[in-house]
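Below is one structure, written out as structure tokens; comments come after it.
Just the heavy atoms: all of them, side chains too, but no hydrogens, waters or symmetry mates, feed the values below.
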Amino acid sequence: MTDSNGKKWEEKTIVSWESSTEEARKILPKMVSHSELRNLFCSADAVCFDVDSTVIQEEGIDELAKFCGVEDAVSEMTRQAMGGAVPFKAALTQRLALIQPSREQVQRLLAEHPPHLTPGIRELVSRLQERNVQVFLISGGFRSIVEHVASKLNIPSTNVFANRLKFYFNGEYAGFDETQPTAESGGKGKVIKLLKEKFHFKKIVMVGDGATDMEACPPADAFIGFGGNVIRQQVKDNAEWYITDFVELLGALEE
């Protein structure tokens with residue numbers, strides 16, 4: 001191939017690359033090596049964690065459904081939502097319509113069956129905070145439950161993004177706040193975008209078990225898939241860095 005032909009081929013490649021932003025986004029994450037991902041995690045300004053089946057061992061909405069006596073139907077809806085088969089907002093609406101949780105039931109759930117922290121998460125969050133890394137909880141679950149979890153990890157409530165249940169004056173279920181970004185598909189990405197704009201973070205890492213977590217990268221600069229409580233095959237197959245124990249992330253910080 002002559003120089004002129006080579007030059008033409010190079011120019012066409014550049015034009016094609018610039019004219020296909022979406023394709024570039026799909027390709028770029030695959031070009032990041034595992035060591036580069038580890039370095040990015042260790043130098044992040046902020047780390048955002050999903051909550052259900054990541055920071056805690058349970059799916060909060062499933063536990064609430066069990067407490068309210070509609071466990072089986074809701075669990076199947078959760079599985080489909082986390083696998084990406086059903087739009088998140090539609091799945092959330094359908095599940096809550098089945099559960100119809102009252103304020104009293106939510107309070108009793110937290111008192112009688114508090115969520116269990118995933119082994120290693122307390123140490124990991126503490127280590128990140130010691131390094132002056134901002135830690136956020138971004139969840140499609142319910143703020144009342146997530147704030148309870150945040151308090152156990154010394155994460156301020158201002159660093160919690162989750163859905164808000166609404167109740168009538170008598171405590172009966174009245175729906176949920178549909179204006180929250182976490183109430184719809186792509187919501188976690190919207191939160192991360194807001195965090196970048198507000199705090200000017202240069203590097204944000206998202207850690208989670210589900211499709212909604214993986215979809216938050218970009219705008220997150222890296223995604224780490226977590227399978228310590230449940231394995232979502234779609235996430236395991238596509239995450240560049242997939243872990244089943246938070247010890248691995250603690251180890252990366254200590255290197």
Side-chain angles (χ1 to χ4, degrees), residues 28-60 82 115-141 145-156 159-162 182 188-189 191-192 195-196 199 201-255:
L28 279 171
K30 295 294 183 183
M31 297 171 65
V32 178
S33 70
H34 185 70
S35 62
E36 287 173 322
L37 274 173
R38 290 172 74 89
N39 289 337
L40 200 156
F41 171 70
C42 293
S43 61
D45 305 300
V47 177
C48 301
F49 289 93
D50 171 52
V51 177
D52 295 330
S53 294
T54 300
V55 168
I56 62 174
Q57 297 176 341
E58 305 88 350
E59 284 288 328
M82 294 306 295
H116 298 87
L117 293 176
T118 299
I121 188 61
R122 192 190 299 272
E123 295 80 3
L124 178 58
V125 169
S126 177
R127 187 72 186 96
L128 288 167
Q129 291 171 333
E130 286 173 6
R131 294 164 65 100
N132 294 316
V133 177
Q134 286 288 316
V135 178
F136 295 88
L137 300 182
I138 307 179
S139 174
I145 296 175
V146 177
E147 285 187 337
H148 175 86
V149 174
S151 69
K152 300 296 183 185
L153 296 171
N154 295 315
I155 296 172
N159 285 22
V160 169
F161 294 86
T182 49
K188 292 178 182 180
V191 171
I192 290 174
L195 291 177
K196 283 192 168 186
F199 298 107
F201 293 133
K202 301 297 183 185
K203 300 176 185 176
I204 296 184
V205 175
M206 181 73 203
V207 182
D209 69 289
T212 58
D213 307 308
M214 187 166 60
E215 289 165 0
C217 180
D221 300 279
F223 168 69
I224 301 172
F226 182 72
N229 292 310
V230 61
I231 292 176
R232 319 282 184 191
Q233 198 62 42
Q234 179 187 2
V235 176
K236 183 178 180 181
D237 291 345
N238 291 283
E240 288 297 307
W241 189 0
Y242 192 79
I243 64 171
T244 56
D245 196 319
F246 285 126
V247 169
E248 186 170 342
L249 296 186
L250 273 167
L253 293 176
E254 300 302 326
E255 290 178 356

Of all heavy-atom pairs between Ile145 and Pro115, which one has the smallest distance, and what is that distance? CG2-CG, 4.4 Å
Calculate, to the nearest 0.5 Å, the distance between atoms CG and CG belonging to Leu249 and Leu128 respectively. 8.0 Å
Arg232/Asp209 ion pair, N-O < 4.0 Å: yes
Under the side chain to side chain contact (heavy atoms under 4.5 Å, CB included) test, residues paired with Pro119 that sit two or more places apart: Gln57
Nearest heavy-atom contact between Asn229 and Ser53 is ND2-O, 3.1 Å
Using side-chain contact (heavy atoms from CB on, under 4.5 Å), reason through Val149 and Val55 one step at a time and then give a plain yes or no. CA-CA 8 Å; Val149 174; Val55 168; 3.7 Å; yes
Run the side chain to side chain contact (heavy atoms under 4.5 Å, CB included) test against Phe199 and tell me which residues pass, sequence neighbours left out. Phe136, Leu195, Phe201
Once rounded to the nearest 0.5 Å, what's the spacing between atom CD of Glu248 and atom CG of Asp245? 8.0 Å
With a 4.5 Å cut-off on side-chain heavy atoms, are Val207 and Asp50 touching? no
Does Lys196 pair with Asp221 as a salt bridge, N-O distance under 4.0 Å? yes
Would a distance-only check, ignoring hydrogens and angles, find a side-chain to backbone donor-acceptor pair under 3.5 Å from Asn159 to Pro156? no
If you look only at pairs with a residue in residues 214-238, which of them pass as a ring pair (Phe, Tyr, Trp, His ring centres under 6.0 Å), with sequence neighbours excluded? Phe226-Phe246
If we ignore hydrogens and angles and just use 3.5 Å, is the side chain of Ser139 paired with the main-chain N or O of Ala162 as donor and acceptor? no
Nearest atoms (heavy-atom pairs only) where Gly208 meets Thr54: CA-OG1, 3.6 Å
Taking every heavy atom of Asn154 against every heavy atom of Gln129, the minimum-distance pair comes out as O-NE2, 3.2 Å
Check: Ser151 side chain, His148 main-chain N or O, donor-acceptor pair, under 3.5 Å: yes
Distance in Å, Met206 CE paired with Lys188 NZ, rounded so as to fall on 0.5 Å steps: 5.0 Å
Apply side-chain contact (heavy atoms from CB on, under 4.5 Å) to Ile138 and Val51, showing your working. CA-CA 7 Å; Ile138 307 179; Val51 177; over 6 Å; no
Any donor-acceptor pair under 3.5 Å linking the side chain of Arg122 with the backbone of Lys152? yes
Over all heavy atoms of both residues, which pair between Asp52 and Gly141 is shortest? Give the atoms and the distance, please. OD2-CA, 4.0 Å
Minimum-distance pair of heavy atoms, taken over all atoms of Cys48 and Ile204: SG-CG2, 3.8 Å
Do Phe49 and Ile155 have side chains that get closer than 4.5 Å, going by heavy atoms? no
